Amino acid sequence: MGVFRIGRTTALPAAECWLRVTDWPEHAAQVPLTSVSVHGAAPTGVGTVFVARTGLGRLGFDDPMEVVRWQPPSGARPGRCRLVKRGRVITGWAEIEVRPVGEGSAVVWVEELRFAALPRVLDRLVARVGRAVFGRALQGLLARRP
């Protein structure tokens, strides 16, 4: 499986950082040709399912994910979220941690991706591409908004 790790620091307080990195529909704005639909009661929590649809028209695939851990940051305690990918095309998991650092915060995102149609010999390539795509997405989620 392609495993990668991304880390970023931001001047955003941990609570705001958490809200941004767990805003599932906003992830779609950061990844080309992708839309996200959320299923379940708001706010997000354990049991929430969302589907990232990547493609153009009828050509594409769904990446359904379920939130299996949900612990927003509180005081000095870091926030932690774990997603399990439940698709036929992509499997794996993602863990997001938001930790207060001074007046700002730090995010660590670790993800394991497995594409069903790809041989394991391509795991390093999958990890490299995942790190680039999700690193760009994370940077966009944390960017200052007007």
Side-chain angles (χ1 to χ4, degrees), residues 1-73 78-101 104-146:
M1 302 224 170
V3 178
F4 60 89
R5 180 182 189 274
I6 305 163
R8 298 285 189 276
T9 57
T10 177
L12 295 169
E16 175 65 19
C17 180
W18 175 263
L19 290 174
R20 290 187 185 199
V21 300
T22 61
D23 181 348
W24 312 128
E26 185 60 25
H27 283 239
Q30 308 304 321
V31 181
L33 303 175
T34 300
S35 63
V36 173
S37 58
V38 180
H39 309 279
T44 296
V46 171
T48 298
V49 174
F50 60 97
V51 179
R53 170 86 181 156
T54 301
L56 192 58
R58 294 177 158 241
L59 298 174
F61 61 90
D62 291 338
D63 182 9
M65 291 167 259
E66 180 180 355
V67 177
V68 297
R69 182 176 186 188
W70 182 261
Q71 178 187 345
R80 292 189 174 94
C81 176
R82 182 175 172 91
L83 310 169
V84 175
K85 295 176 169 285
R86 304 230 186 257
R88 290 183 292 187
V89 175
I90 301 176
T91 58
W93 50 265
E95 291 184 352
I96 302 167
E97 180 183 270
V98 174
R99 177 178 302 281
V101 177
S105 55
V107 181
V108 175
W109 178 326
V110 180
E111 186 154 346
E112 179 182 83
L113 286 174
R114 176 80 179 123
F115 285 82
L118 296 179
R120 292 193 183 271
V121 70
L122 296 177
D123 284 353
R124 287 176 124 177
L125 177 61
V126 168
R128 190 174 312 135
V129 171
R131 188 177 303 109
V133 169
F134 289 101
R136 181 181 173 279
L138 182 56
Q139 199 67 34
L141 291 166
L142 298 176
R144 294 247 179 240
R145 297 181 188 166

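Since the structure is predicted, the reported quantities are computational estimates derived from the model, not experimental observations. Residue numbers start at 1 and run along the sequence shown.
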As an exercise, state the distance from [atom1] of [X] to [atom2] of [Y], rounded to the nearest 0.5 Å.
X	Y	atom1	atom2	value
Arg82	Trp70	CZ	CH2	15.5 Å
Thr54	Ile90	OG1	CD1	7.0 Å
Arg114	Arg120	CZ	CZ	4.0 Å
Ile96	Cys17	CD1	SG	10.0 Å
Trp18	Cys81	CH2	SG	5.0 Å
Leu83	Trp24	CG	CH2	4.5 Å

Residues passing the side chain to side chain contact (heavy atoms under 4.5 Å, CB included) test with Pro13, sequence neighbours excluded, are Glu16
Ala52 meets the side chain to side chain contact (heavy atoms under 4.5 Å, CB included) criterion, sequence neighbours left out, with Thr34, Val36, Asp63, Met65
Residues at least two apart in sequence or cross-chain that pass salt bridge (charged side-chain N to carboxylate O under 4.0 Å, His left out) with Glu97, listed by chain then number, are Arg80, Arg99
Looking only at heavy atoms, which two atoms of [X] and [Y] are closest? And how far apart?
X	Y	answer
Arg53	Asp62	CD-OD1, 2.7 Å
Leu142	Arg8	CD1-CB, 3.9 Å
Thr22	Thr44	O-OG1, 4.5 Å
His27	Val21	NE2-O, 2.9 Å
Ala94	Trp109	CB-NE1, 4.2 Å
Val110	Arg5	CG2-CG, 3.9 Å

[Y] side chain reached by [X] side chain, heavy atoms, under 4.5 Å:
X	Y	value
Leu138	Ile6	yes
Thr9	Val101	no
Phe115	Leu122	no
Glu26	Arg20	no

Q | Salt-bridge criterion met for Arg69 and Glu95 (N-O under 4.0 Å) | A | no
Taken in chain and number order and not counting sequence neighbours, the residues that satisfy side-chain hydrogen bond (donor to acceptor under 3.5 Å, both in side chains) with Glu66 are Arg86
Residues passing the ring-ring contact (aromatic ring centres under 6.0 Å, His included) test with Trp93, sequence neighbours excluded, are none
So the salt bridge (charged side-chain N to carboxylate O under 4.0 Å, His left out) pairs with at least one residue in residues 131-143 (sequence neighbours excluded) are none
